[in-house]
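One structure below.
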Amino acid sequence: MLKNTFCHLPGFGEKLEAYLWTKGVTTWDGVLDSSFVPVRKRTQPFRDFIAESAKRLQNSDVNWFAGFLPVNEHWRMFGEFSRSVAYLDIETNGLAGRSGYITTISLYDGERVHYYVKGRNLDKFTSDIKKFKLLVTYNGKCFDVPFIESQFRIKLNQAHIDLRHVLASLGFTGGLKGCEKSLGIDRDELSGLDGYFAVLLWNDFQRTRSSLTLDTLLAYNIQDAVSLETLMVTAYNLKLKKTPFQNTHNISLPAQPKLPFKADTETIRSVMKKNYRYSAKLKDFRLP
DNA sequence: CACCTCGACAAACCCACTAC
DNA sequence: GTAGTGGGTTTGTCGAGGTG
């Protein structure tokens, strides 16, 4: 999709790009010798910029594209760079602002699941994340990434697709779970849980040191990260429908990875019982 | 609850094109 | 050429929405 993208060129907006597509101009070389492109936008600086684009694409420099693409078109980077993606989700001990801390992190690379737990291996995250060129999150630009940056005192310089805004532009709102529901993405025994429940699980784990509790928390956290891939591919294909490339650039839905943890129903029940907020949900978690 | 980004909307600005 | 026009692009401001 980046090879068919012109709106990262200075002075090229969405309208001009869409117009050129209708005229059959779909490649960078095409721009340079199409009479549909104003002469001023075919001068040497533009030739140089396009040559630079080709070079950066060749060198897999996602970050360069992220700097020139309008943010609402960052989803386009996924096509060329879907194999350098880190799907990322964190859990914390609450929404307590600055006094809050990260409890667990899940990172899915499309094949393997990586997870990090406070007090065990959380610091390993900072070196692991450096291996990825592109981050995909839900609301991560507002929450996960600033939280990580402030807690670890690092800067995540990767290109970053925030699915919250991509999905909102497609008409899907209501949070990660809301979007999954609208798109028919199911999450069996973990449905009905939310971020606050992850806080309760962490508190319970602090008190009991129960490995079943931690497993349940990680199962939830990892499910969120893994779901991001399905959402990303779905959103990408839906976005493509508004371009002339829906038949050529479609990405097929990936197979689900084997998940390393299973949520424990009895733990969920027991933690729910202690919080009135989940009294209505409790009935969904009867023992078999 | 605190924090953060971006979409919406408006206004300013730029440029290709036309008429004379 | 020059001035006018209209559409597209860029810039600026503000509030909605989502995170555990």
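Every chain is numbered from 1, with letters handed out A, B, ... down the list of sequences. Scope of the values below: all heavy atoms of this structure, side chains included, with no hydrogens, waters or symmetry mates.
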Need one value for [X]: base, sugar-phosphate or nothing, where a base atom within 4.0 Å counts as base even if backbone is also close, heavy atoms only.
X	value
Gly140(A)	nothing
Asn72(A)	sugar-phosphate
Thr103(A)	nothing
Asp89(A)	sugar-phosphate

Parallel, tilted or perpendicular: which one describes the rings of Trp28(A) and His8(A), with boundaries at 30° and 60°? tilted
In this structure, how many angstroms lie between the [atom2] atom of [N] and the [atom1] atom of [X], rounded?
X	N	atom1	atom2	result
Ile161(A)	dC6(B)	CD1	P	12 Å
Tyr19(A)	dG8(C)	OH	C1'	13 Å
His74(A)	dT5(B)	NE2	P	13 Å
Phe147(A)	dA2(B)	CZ	P	14 Å
Leu167(A)	dT5(B)	CG	C1'	15 Å
Phe197(A)	dT19(C)	CZ	C1'	18 Å
Leu163(A)	dT19(C)	CG	P	11 Å
His8(A)	dT9(C)	NE2	C1'	16 Å

The residue, Val166(A) or Asn139(A), whose nearest nucleotide of DNA chain B is more 5′ is Asn139(A)
Heavy-atom nearest nucleotide on DNA chain B taken for Asp162(A) and for Lys41(A); more 5' hit belongs to Asp162(A)
Give the nucleotide from the list [options] with an atom nearest to the side chain of [X].
X	options	value
Asp224(A)	dA16(B), dC6(B), dG20(C)	dG20(C)
Cys142(A)	dG20(C), dG17(C), dA16(B)	dG17(C)
Lys15(A)	dG20(C), dT9(C), dG17(C)	dT9(C)
His165(A)	dG7(B), dA16(B), dT19(C)	dG7(B)

Taking every heavy atom of Glu17(A) against every heavy atom of Cys7(A), the minimum-distance pair comes out as OE2-N, 3.1 Å
By nearest-heavy-atom nucleotide on DNA chain C, the more 5' of Arg164(A) and Glu91(A) is Arg164(A)
**Item:** Aromatic contact, Phe12(A) with Trp21(A) (centres under 6.0 Å)
**Value:** no
Original post:
Just checking, any donor-acceptor pair under 3.5 angstrom between side chains of Gln206(A) and Asn93(A)?
Top reply: no
ask   = Does dC6(B) have OP1 or OP2 sitting under 4.0 Å from an N or O in the side chain of Lys141(A)?
value = yes
Note: Lys177(A)-Asp224(A) ion pair, threshold 4.0 Å (strictly below): yes
